[in-house]
There are 2 protein chains.
Amino acid sequence: MTTDSDTPWLTDQEQRAWRTHLDVSRLLMHQLERDLQPFGLTNNDYEILVNLSEAEGRRLRMSDLAAGTLQSKSRLSHQITRMENAGLVRRESCESDRRGLYAVLTDEGWETMRRVAPHHVASVRKHFIDLFTPEDLNALQSSLTPVAEHLRERRGGL
Amino acid sequence: MTTDSDTPWLTDQEQRAWRTHLDVSRLLMHQLERDLQPFGLTNNDYEILVNLSEAEGRRLRMSDLAAGTLQSKSRLSHQITRMENAGLVRRESCESDRRGLYAVLTDEGWETMRRVAPHHVASVRKHFIDLFTPEDLNALQSSLTPVAEHLRERRGGL
DNA sequence: GCATATTAATTCACCTTTCAACTTTCACGG
DNA sequence: CCGTGAAAGTTGAAAGGTGAATTAATATGC
């Protein structure tokens, strides 16, 4: 992104693809958020629950959780505080590194996860997955993976 | 999203595709934001500029602009206030409907757009468009379009 | 014509995110 | 060991976003 007078403009086709991608991202997040609302969770809450429930001992170091959910440490810290107040997680100090903390899923958090997950999956299917043929989904996955890798390489401080 | 004990879980393939899509959305927005930062603009600012600069008379009614950028009227109102303070747009009242307002691109806004657009395009190319083969981009576009339509149909109040 | 409903846009109060500053603990070179 | 720098995590203030309530103007039905 330097002084490029030589970068070609987007063709119509490229422009359409780009805007469609943008629209889908945004509308989809909105819709998922809406579908979670009745359960009193946000997308962020839900993603934390997923990450923790899949982890060893239903716990993760704050840093790892931040990395896993692609958010800043600061943001995660606030987020976990809120979820702690809601009774979904608790902080537990780490023996091996006394600077460190674990975010641990509470029983209530686990139970919430079990209860909400099927609805969320249904939502993801309905508004995304099931709208593709299996072949298209495969194609999507293969063409998007390099993009994800490219972006992960050059992501600085979240 | 009712009482679905019958919705199948996501297969591994589906899960991978879904998470890849999520990661790309997030990382990409972050990267674009970073690339705009040196010009003192956010993604939101930029999108407003695009919409206005493409419009008749470089102006749009607040409502239309909100619809075009998929944000709530409230959010747009704040956003325009900020951009007005930055000198990029100005509000102008509407003759034919005295409730209405136009957001109008100022000369400075237009000039900013002209100056920044090539860099933004380069950024979009570098981190997204140019990472696909033309065929993949076409496939992406065709498989994503129905998703966008599906979501637009059922989007309530933003 | 006049009450009623709708639409455009803003405002207010509240919540979330960001950014920089700070505390505590660990790593490691001499 | 011990100082110096880096890492883990938190905090607080400022900026941004949300949703409901509000204001003002227009449309609608009788």
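Below, chains carry the letters A, B, ... as their sequence lines are ordered, and counting in each starts from 1.
With hydrogens and angles left out, the side chain of R98(B) and the base of dA25(D) share no donor-acceptor pair within 3.5 Å.
Looking at T42(A) and D45(A), their side chains do bring a donor and an acceptor atom within 3.5 Å of each other. A side-chain N or O of D35(A) and one of Q31(A) form a donor-acceptor pair less than 3.5 Å apart.
Distance CZ (R99(B)) to P (dT10(C)): 13 Å, rounded to an integer number of Å. Atom pair E95(A):CD and dA8(D):P shows a separation of 18 Å (rounding to whole Å applied). Protein atom CZ of R34(A) is 14 Å distant from nucleotide atom C1' of dT18(D), rounded to whole Å. Rounding to whole angstrom units, CZ of residue R91(A) and C1' of dG9(D) are separated by 9 Å. We find that CZ of R26(A) is positioned 12 Å from P of dT18(D), with the value rounded to whole Å. Between L101(A) atom CG and dC26(C) atom P the separation is 12 Å, expressed in whole Å. Note: CD (E84(A)) to P (dT16(C)) measures 15 Å, nearest angstrom. Rounded to an integer number of Å, the gap from OH of Y102(B) to P of dA8(C) is 13 Å.
Both V147(A) and L70(A) sit in one connected hydrophobic cluster of ILVMFWY residues. Membership requires side-chain heavy atoms under 4.5 Å apart, directly or through other members.
Between W18(A) and H21(A), the ring planes lie parallel to each other; the angle is under 30°, not in the 30° to 60° tilted range.
The stretch residues 56-83 of chain A comes close to DNA chain D through R61(A), M62(A), S63(A), K73(A), S74(A), S77(A), H78(A), each having a heavy atom under 4.0 Å from the strand.
Proximity of a side-chain donor or acceptor of R91(A) to a complementary backbone N or O of E84(A) within less than 3.5 Å is not detected.
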*Does the pair S143(A) and D136(B) meet the rule for a side-chain hydrogen bond (donor to acceptor under 3.5 Å, both in side chains), with working shown?*
CA-CA 7 Å; S143(A) 61; D136(B) 280 357; 4.7 Å; no
